[in-house]
2 protein chains.
Amino acid sequence: MVTTSAADRRQQAKEEYDAFLERCPSRQVLEMITNKWVCLVVSALAPGPSRHSDLARTIAGVSQKMLTQTLRRLERDGLVTRRVTAQVPVRVDYGLTPLGHDFAAVVGQVKRWAEGHINEIHDARRSYDARG
Amino acid sequence: MVTTSAADRRQQAKEEYDAFLERCPSRQVLEMITNKWVCLVVSALAPGPSRHSDLARTIAGVSQKMLTQTLRRLERDGLVTRRVTAQVPVRVDYGLTPLGHDFAAVVGQVKRWAEGHINEIHDARRSYDARG
DNA sequence: CAGCATCCGGATGGATACTG
DNA sequence: CAGTATCCATCCGGATGCTG
């Protein structure tokens, strides 16, 4: 096999693509914003700090697993603070860092846009589905 | 089995949750923004209309399947227009509707935030990983 | 060129049980 | 209460081949 197969070229293209993604600055943040739970957790924390169980209740539908996973991730990225109070049942409070509040503002803008245009989208869907 | 099992209750809770999601206005838009390809396609179309193959090249890494799927979805939601020109190889042009441009602006804000804060996030990650 | 159908591997995420 | 570990169903998305 001397020839470079199409598969090889595709593989190479993929690697270049991945490498490009690694380098691309906005890539990691795209990963953040394109995550349902990240958006919801940040929104839930925007008004003020909250405990693990509070969050679980506020964000109805989130599993305990995903909540913890998301909080860890946000903590690592410097958007969320985690404060442990040593008590008999341990108490853990989560809050937003300044950077986190900044991000919450962005998410809030998306949310506001959503609420302002959801009707147009619904109309578009209905007429699209009506036509087939 | 007269008793309502835990599984039943869980199932019911899930349905209520789903119903809640259905009703929630910002829910569908959250689905939109939390989609990588939606964001990228809208961004790619922001400067002006583009053909299918052009998009495929611009958004390096997108598969043909996901590109078509995403375009259909956006068309249905009234963010994208699809204009077919009858030629020998058919020509199809995609563009943003006013609503689509509006959405592109929101995505652009996210993008700008990303570029402005990616360094802070990287720093946070490094110090987090250093500590363990 | 634009698009559809199919197959399939891997990631996502929910359920459950157990620890401190 | 907060968190970890495990199992497992589902779905996303890529690869491929075919149509007009």
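Note that this is a predicted model, so its numbers are computed, not measured. Below, chain A is the first sequence line, B the second, and so on; all start at residue 1.
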S.K.: So, the side chain of D77(A) versus the backbone of L79(A): is there a donor-acceptor pair under 3.5 Å, distance only?
M.R.: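 Flag not set: sc D77(A) to bb L79(A) has no pair under 3.5 Å.
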S.K.: Tell me the interatomic distance from D54(A), atom CG, to dA2(D), atom C1', rounded to whole angstroms.
M.R.: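 Rounded to whole Å, this separation is 12 Å.
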S.K.: More 5' along DNA chain C: V90(A) or P89(B), using each one's nearest nucleotide?
M.R.: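 Result: P89(B).
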S.K.: Is there a side-chain contact between T81(A) and E75(A), using heavy atoms and a 4.5 Å cut-off?
M.R.: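 Of all side-chain heavy-atom pairs linking E75(A) with T81(A), none is under 4.5 Å.
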S.K.: If we only count heavy atoms from C-beta on, is the V38(A) to V41(A) side-chain gap below 4.5 Å?
M.R.: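 With C-beta onward as the side chain, the pair stays apart.
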S.K.: Polar atom pairs between nucleotides 5-13 of chain D and protein, under 3.5 Å, N or O only, would you list them?
M.R.:
| from | atom 1 | to | atom 2 | distance (Å) |
| --- | --- | --- | --- | --- |
| dG13(D) | N7 | K65(B) | NZ | 3.1 |

S.K.: So, does T97(B) use its side chain to make a donor-acceptor pair with the main chain of G78(B) at under 3.5 Å?
M.R.: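 Flag set: sc T97(B) to bb G78(B) pair under 3.5 Å.
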S.K.: Tell me the interatomic distance from L40(A), atom CG, to dG13(C), atom C1', rounded to whole angstroms.
M.R.: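 Result: 14 Å.
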S.K.: OP1 or OP2 of dA2(C) less than 4.0 angstrom from a side-chain nitrogen or oxygen of R51(B), does that happen here?
M.R.: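 Yes, within the criterion.
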S.K.: I'd like to know if the side chain of T68(B) reaches the main chain of K65(B), judged simply by a donor and an acceptor atom lying under 3.5 Å from each other, with no hydrogens or angles considered.
M.R.: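 No, T68(B) side chain to K65(B) backbone: no donor-acceptor pair under 3.5 Å.
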S.K.: Going by an N to O cut-off under 4.0 Å, is there a salt bridge joining R126(A) and D129(A)?
M.R.: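 Not counted as a salt bridge, because no side-chain N and carboxylate O are separated by less than 4.0 Å.
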S.K.: Round to the nearest Å and state the distance from R72(A) atom CZ to dG3(D) atom C1'.
M.R.: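 So the two atoms are 7 Å apart, to the nearest Å.
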S.K.: Should the pair R82(A)-D93(A) be classified as a salt bridge under the 4.0 Å nitrogen-to-oxygen rule?
M.R.: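 No.
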S.K.: V107(A) and S43(A): which non-hydrogen atoms are nearest, and at how many Å?
M.R.: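 Closest approach of V107(A) to S43(A): CG1-OG, 3.5 Å.
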S.K.: Based on the rotation axes of five pairs at each end, what angle does the helix from dC1(C)-dG20(D) to dG20(C)-dC1(D) bend through, to 10°?
M.R.: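 For the helix from dC1(C)-dG20(D) to dG20(C)-dC1(D), the axes at opposite ends meet at about 40°.
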S.K.: For dC1(C) and Y94(B) - does any side-chain N or O of the residue sit under 4.0 Å from the phosphate oxygens OP1/OP2?
M.R.: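 No, outside the criterion.
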S.K.: Could you tell me the separation between the CG atom of L71(A) and the C1' atom of dT4(D), rounded to a whole number of Å?
M.R.: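 My rounded result for the distance is 15 Å.
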S.K.: Applying side chain to side chain donor-acceptor pair (under 3.5 Å), name anything that partners H117(B), two or more places apart in sequence or on another chain.
M.R.: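 Expected list: D102(A), W113(B), E120(B).
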S.K.: Can you tell me if T68(A) touches the phosphate of dA2(D), counting only side-chain N or O atoms and a distance under 4.0 Å to OP1 or OP2?
M.R.: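 Negative; the distance criterion is not met.
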S.K.: Hey, is the side chain of R82(A) poking within less than 4.0 Å of OP1 or OP2 on dA2(D), counting only N and O atoms?
M.R.: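 Answer is no, no contact under 4.0 Å.
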